[in-house]
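Everything on this sheet refers to the single structure shown next.
Please read all numbers here as calculations on a predicted model, not as lab measurements.
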Amino acid sequence: TPAKWQGYFYTLSSRIFKKPAARLKSSKNRGSPDASIGVFPKETRGNNVAFLMSGCFTEKRRFVRIRHEARMNRFYWLPPLIIQAIFLIPGRWVLKALSRYEVHGFEHIRALKGRTAIFAANHASEVDPVVLAGIFNPWSPHIPLFYAADEARLFKKKKFGWRAYIYTDTFFKMLGAHPVYVWKQNLKMALRHQLDMLSRGRSIAIFPEGKITKNGHLNEGKRGVAFLLHKTQAVVIPIAISGTYGATFQKFFLRKLHVTLTVGKPIAAEDIWGERTHGELTSSDYEYGAHYIMSRINELRAIQKTDSA
């Protein structure tokens, strides 16, 4: 579109002529907080050749592409609703039949009475989003459930094999998964889709670790989950998933898994930051919040180990 190419032009010209970061000139985006130009590595500033050769122009195009993304269609929720409802009608019975699927603590979700929630779980396998969705009934107020996911381009690796051809932006959005732009330092921009969902009263699922564990132990939680909790009126529901580490879809269908989900009590922002919740928080505060949430998930995992012993 003209606005798209106009954005590319101002991106490049602002660097070549060393102009300060400018707003995009599109009237459609004027005044939008998303229209500001990002920052380049210091070693390329003032050196146009290094700037182009370093691949920063490619990175900058990614900035511009995100700013010029069309606003979410009013029917964005319909494909995930249809697909998740079709899965969930037989889903729980299929999960129970194939993986000895168990859910504990569901009363904490029932007590929400439809309140917007952030479901935060540990991440041990690619099947985690499937078993997490299995908690709900098709008529649950939390359906469709939207996921915080990596960008589709990050799945274009050999280790994903044939799945790399399936894991596309369209595929993820059809399932209700929207990307987190982890390469952006600004949390508001990195989590723009998730903030939008929560502001519309939709519940989301997020894996605070940001990646699948490599050794079965919990990784450190990222700041994003705490940022979402602070900036919205939602609550965090900690969920511990066990039995999926090292799991594959092949093991799942061969009935070699015993999957257990334990749901914890809701976590409100006041539970973490107290009276400071209504003020501005720092990056350290968000790191503390993420650590607090992960510690609650770890407590639920300890309960699972005790029950299984």
What heavy-atom pair brings [X] and [Y] nearest, and what distance separates the two atoms?
X	Y	value
V130	L95	O-CD1, 4.3 Å
K156	A164	NZ-O, 2.6 Å
L187	Y286	CD1-CD1, 4.2 Å
I237	A117	CG1-CB, 4.1 Å

Quick one: does [X]'s side chain get under 4.5 Å of [Y]'s, heavy atoms only?
X	Y	result
L112	H142	yes
M294	E220	no
T232	S199	no
I239	T262	no
E275	E270	no
R202	P144	yes
N122	T213	no

Determine, using ring centers only, whether [Y] and [X] are less than 6.0 Å apart.
X	Y	result
F172	F155	yes
Y147	H178	no
F146	Y76	yes
F119	F136	yes

Is the backbone N or O of [Y] less than 3.5 Å from a side-chain atom of [X], with the two atoms forming a donor-acceptor pair by type?
X	Y	result
E102	T260	no
R223	S284	no
R301	L218	no
T116	G201	yes
W273	D285	yes
K231	L195	no
S125	D128	no
N219	E209	no
Y245	H217	no
H104	Q304	no

Steps toward side-chain contact (heavy atoms from CB on, under 4.5 Å) verdict (F227, L281): CA-CA 9 Å; F227 177 80; L281 298 180; over 6 Å; no

Ion pair check, D196 and R192, cut-off under 4.0 Å: no

Ion pair check, E287 and K222, cut-off under 4.0 Å: no

Co-membership, hydrophobic cluster, residues I297 and I303, 4.5 Å side-chain: no

Worked check of side-chain contact (heavy atoms from CB on, under 4.5 Å) between V236 and I206: CA-CA 10 Å; V236 168; I206 189 171; over 6 Å; no

Aromatic plane relationship, F207 with H123 - under 30° parallel, 30 to 60° tilted, over 60° perpendicular: parallel

Plane angle bin for W183 and Y181 - parallel if under 30°, tilted between 30 and 60°, otherwise perpendicular: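 Rings of Y181 and W183: perpendicular, over 60°.
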
From CA spacing to verdict: side-chain contact (heavy atoms from CB on, under 4.5 Å), Y101, L261: CA-CA 8 Å; Y101 184 77; L261 280 76; 3.6 Å; yes

